[in-house]
**Q** 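Quick one: the structure is below, questions incoming.
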Amino acid sequence: MSETMAYTVPGMHCDHCKASVIEELQAVAGVEAVEVDLERKLVVVRGQGLDDGRIRAAIAEAGYETA
């Protein structure tokens, strides 16, 4: 069964930010899809067996904090 998790990432403001976050999140086990809305500073992750800590760590690895 697929899960959806959403995160506010205030520091994102450009396509480079978006690409960095997507790249890091796609490497996390269980992640099947990542959507980034720069205007709303929102990251939506879909997949199976998602781990909140790993997702937050991947966003941090990309250089951003979750709110």
Side-chain angles (χ1 to χ4, degrees):
M1 186 166 160
S2 191
E3 302 171 70
T4 301
M5 300 178 105
Y7 300 87
T8 301
V9 184
M12 296 186 310
H13 62 274
C14 66
D15 285 336
H16 175 73
C17 302
K18 179 177 176 176
S20 296
V21 169
I22 290 172
E23 181 179 352
E24 290 294 337
L25 287 171
Q26 286 178 333
V28 175
V31 172
E32 296 169 357
V34 179
E35 295 173 27
V36 175
D37 183 332
L38 288 174
E39 283 186 23
R40 294 170 52 208
K41 311 289 188 200
L42 186 68
V43 175
V44 177
V45 180
R46 290 186 176 83
Q48 297 193 20
L50 298 177
D51 182 285
D52 180 67
R54 287 185 179 168
I55 291 172
R56 290 180 186 273
I59 292 170
E61 187 68 28
Y64 304 94
E65 292 182 15
T66 52

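We're numbering straight along the sequence, starting at 1.
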**Q** When you look at CD of Glu65, are more than 12 heavy atoms from neighbouring residues, nucleotides or ligands closer to it than 6.0 Å?
**A** no
**Q** Ala19: which residues meet the side chain to side chain contact (heavy atoms under 4.5 Å, CB included) condition with it, sequence neighbours left out?
**A** none
**Q** With a cutoff of under 4.5 Å between side-chain heavy atoms, which Ile, Leu, Val, Met, Phe, Trp and Tyr residues group with Val44?
**A**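 For the cluster that includes Val44, the remaining residues are Leu42.
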**Q** Tell me, please, which residues at least two apart from Ala29 pass side chain to side chain contact (heavy atoms under 4.5 Å, CB included).
**A** Arg54
**Q** Can you list every pair that meets salt bridge (Lys or Arg N to Asp or Glu O under 4.0 Å) and has a residue in residues 55-64, with sequence neighbours left out?
**A** Asp52-Arg56
**Q** Write out all pairs satisfying side-chain hydrogen bond (donor to acceptor under 3.5 Å, both in side chains) with one or both partners inside residues 14-40, taking only residues at least two apart or from two chains.
**A**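 As it turns out, the side-chain hydrogen bond (donor to acceptor under 3.5 Å, both in side chains) pairs with a partner in residues 14-40, which skip direct neighbours, are Glu35-Arg46.
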**Q** How does the hydrophobic cluster around Val31 look, that is, which other residues are in it when side-chain heavy atoms under 4.5 Å mark a link?
**A**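 Grouped by the 4.5 Å side-chain rule, Met5, Tyr7, Val9, Met12, Val21, Ile22, Leu25, Val28, Val34, Val36, Leu38, Val43, Val45, Leu50, Ile55, Ile59, Tyr64 form the rest of the cluster around Val31.
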